[in-house]
Amino acid sequence: MNKKVLYAIFDDEEILLESVKVLRSKEIEIEEVYSPFPVHGLDHALGFKETRMAITAFIYGCIGLSFGGLLIYYIMISGVGKSWPMNIGGKPNFTFYQNFPAFVPIMFECTVLFAGHLMSLTYFFRNKLYPGATTKSPDPRTTDDKFLMEIIVEGDDKKMRKLLKETGASEINEKDTDNE
Amino acid sequence: MYKISKSSLILSISLIVIGLLSSIYAFMDDAHAAWTSLVFNNYFFLGISIFAVFFVALQHVAEAGWSTVIKRVPEAIMTFLPYACGIMIFIVVAALMHWNHIYHWLEPGIMTVGSENYDKIIAGKEAYLNPIFFLVRSLIYVVVWIYCAKRLRDISLQGDLEGGLGDKAYSKGITVSAWFIVFFAVSSSMAAWDWIMSIDTHWFSTLFGWYIFSEWAAIGFTTILLFCLFLRKQGYLQDLNQSIIHDLGKWVFAFSVVWTYMWFSQFMLIWYANIPEEVTYFMERIELPNYNFLFWFSAGLNFVVPTIVLMSRDSKRNSNNLIVACIVILIGHWINSYLLFAPGTLHDHGHLGFKEIGMGLGFVGLFLLIVFRSLTTRSLEIKHHPFLEESKHLHT
């Protein structure tokens with residue numbers, strides 16, 4: 001049993017950020033960082049890939065736009081609209097393009113609805129925040145005022161502890177592996 | 001300190017010469033069309049310069065730090081305001097003296113019962129649309145706008161010299177800005193009614209003021225962004241990082257969409273309700289062959305182009321991409337400005353041709369000359385502003 005999981009606790013996000021940069025420059029892999037709030041620049045310092053949320057937003061928006069268009073086309077023109085034509089203010093109701101201005105709000109709202117909701121769901125899904133999910137944070141203080149860095153060390157952990165202390169960790173704990 | 005390069009000077013002066021020649025030709029050829037051309041071109045640049053004042057005021061009241069590095073740019077653009085306002089007042093006075101016939105409701109006898117010109121609907125608006133009140137209102141807008149612009153410019157310079165927040169120049173700037181924004185909220189709408197909407201006297205739209213404001217915002221941000229990119233290319237504004245450009249690009253994109261929202265809201269409700277007195281406005285623009293193409297084309301330039309070109313993050317951080325998009329947006333809004341005025345004054349014989357473009361180029365030249373000259377009067381490098389560091393290290 002050579003693997004050890006270290007939890008380095010930091011008091012300040014600036015110190016944490018510096019520490020992350022130092023560790024990354026020494027090519028030490030950081031498993032995870034837990035923080036009570038988003039730290040500006042941390043994702044960049046950890047070397048995460050650029051988020052693909054914007055691309056999903058565009059795709060979901062396109063789905064919503066098509067759905068809204070098809071929905072209103074079915075309701076007003078082709079399906080229900082054919083068997084039960086609706087005369088609203090004498091507007092032409094036989095073709096899609098003649099009635100297009102009236103359909104724009106529906107299509108716009110569907111775009112926003114789909115993009116917004118599906119993005120939220122994607123976000124939850126990616127972060128495994130399904131109903132009944134419990135916290136993965138090893139230390140409840142990371143929801144208050146502490147920042148936690150998780151590192152897996154193989155073999156001797158003395159050097160790593162020293163380095164973490166030097167870069168400003170206020171305390172270093174070890175994961176209790178006896179129960180596993 | 002900015003120094004006008006020889007080519008910029010030659011360019012702006014030759015544009016002014018083109019503008020003057022085409023104005024002279026336009027006024028000799030068809031004075032009525034020439035006045036319309038003058039008023040819409042002037043409106044366009046008035047919008048850009050008054051929006052620069054609003055931009056500075058907005059940064060003050062929001063206590064925003066990101067824009068500190070570029071604040072000389074809107075400060076220079078707002079120096080065009082007195083010229084644009086002067087021309088606007090000249091047009092208003094000329095209309096009152098019946099030198100031009102832009103404003104149909106100023107025709108003599110139109111509000112007198114029994115006159116052959118009598119128009120019952122226009123006579124009903126006499127309490128608001130009468131010559132004296134019209135002139136007084138116009139004067140109040142421009143005097144307060146110019147005064148606020150000058151105050152904000154002075155305060156900004158003073159703030160750079162002494163630095164600091166608290167009871168210093170910066171907090172004085174917040175007070176002036178807050179008053180300006182409150183005044184501008186009302187006066188921008190009223191100016192839009194007076195100078196533009198009253199041309200189509202029978203017609204009215206309750207969101208017209210916001211529609212005009214959104215257009216001013218779109219062209220204002222676009223111009224600020226273009227000047228920032230130009231100055232950086234010339235070797236000035238070296239603290240200007242790509243994140244500020246990105247943020248300005250977001251503003252341009254956002255206000256292009258806001259403009260479309262206003263444009264569409266106005267159009268859709270009137271189209272749907274189909275009430276004769278409202279729908280005439282769009283009948284003139286859509287059914288007359290000389291405006292039909294421009295009407296849809298300008299909407300395409302103002303909405304479709306920024307949506308496609310400016311949507312992604314990378315495109316807003318690419319200067320060349322932004323320059324192309326900004327120029328397209330400015331052209332689109334310039335055409336839309338023409339459509340605000342011409343159908344109401346020229347009806348079916350208005351044409352957007354070389355005379356209008358020539359006068360527009362003259363305004364571009366004058367605008368560039370004034371803004372460049374104003375840029376030379378102040379150091380582009382800001383020294384003691386309280387939020388300077390924040391702006392230099394902006395990271396989005």
Side-chain angles (χ1 to χ4, degrees), chain A residues 13-14 17-18 20-21 38-66 68-69 72 76-77 86-93 95-112 114-116 119, chain B residues 65-66 205 207 241-243 246-247 249-250 253-254 256-276 278-279 281-283 285-287 295-296 299-300 302-304 306-318 389-396:
Chain A
E13 79 265 26
E14 290 297 326
L17 207 53
E18 280 309 308
V20 167
K21 281 176 187 161
V39 178
H40 192 82
L42 183 62
D43 48 349
H44 188 69
L46 283 167
F48 285 166
K49 271 190 280 179
E50 197 84 346
T51 174
R52 286 173 293 175
M53 211 58 162
I55 301 167
T56 66
F58 182 75
I59 295 169
Y60 295 152
C62 289
I63 294 172
L65 188 70
S66 329
I72 200 74
M76 298 299 290
I77 311 284
M86 272 178 257
N87 186 339
I88 300 168
K91 286 287 152 213
N93 57 356
T95 56
F96 189 76
Y97 84 94
Q98 279 176 312
N99 234 341
F100 183 68
F103 297 164
V104 167
I106 289 104
M107 286 155 73
F108 171 78
E109 294 296 342
C110 277
T111 312
V112 175
F114 274 63
M119 260 170 85
Chain B
W66 67 276
S205 158
L207 61 67
N241 62 45
Q242 207 60 16
S243 289
H246 184 191
D247 277 354
K250 285 179 201 163
F253 178 49
S256 292
V257 175
V258 170
W259 176 85
T260 316
Y261 182 80
M262 295 298 173
W263 178 85
F264 184 73
S265 303
Q266 184 167 285
F267 170 74
M268 203 269 280
L269 288 178
I270 290 175
W271 172 82
Y272 217 127
N274 212 8
I275 302 170
E278 288 182 350
V279 93
Y281 187 79
F282 287 106
M283 297 266 285
R285 280 152 183 81
I286 292 172
E287 301 214 327
F295 184 74
W296 300 113
N302 295 341
F303 174 61
V304 180
T307 308
I308 292 171
V309 180
L310 294 181
M311 192 188 272
S312 82
R313 181 177 195 269
D314 295 336
S315 67
K316 286 192 283 272
R317 297 180 89 89
N318 178 337
E389 287 304 311
E390 182 185 339
S391 180
K392 277 183 181 171
H393 299 109
L394 182 74
H395 180 84
T396 52

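Letters A, B, ... mirror the listed sequences (proteins, then strands); counts begin at 1. Note that these values count all heavy atoms, side chains included, but never hydrogens, waters or copies made by symmetry.
A 6.0 Å sphere centred on OH of B:Tyr272 holds more than 12 heavy atoms belonging to other residues, nucleotides or ligands. Within 6.0 Å of CE on B:Met283 lie no more than 12 heavy atoms contributed by other residues, nucleotides or ligands. Residue B:Tyr261 places its OH atom among 12 or fewer non-hydrogen atoms of other residues, nucleotides or ligands, all under 6.0 Å distant.
Interface residues of residues 95-103 of chain A toward chain B, defined by a heavy-atom distance below 4.5 Å and sorted by number: A:Gln98, A:Asn99, A:Pro101, A:Ala102. Residues of residues 104-111 of chain A lying within less than 4.5 angstrom of chain B, judged on heavy atoms, are A:Val104, A:Pro105 in numerical order.
In this structure, B:Arg313 CZ and A:Glu50 CD are separated by 5.0 Å, a value rounded to the nearest 0.5 Å.
Interface remark: A:His40 contributes side-chain atoms only to the contact with chain B (heavy atom separation under 4.5 Å).
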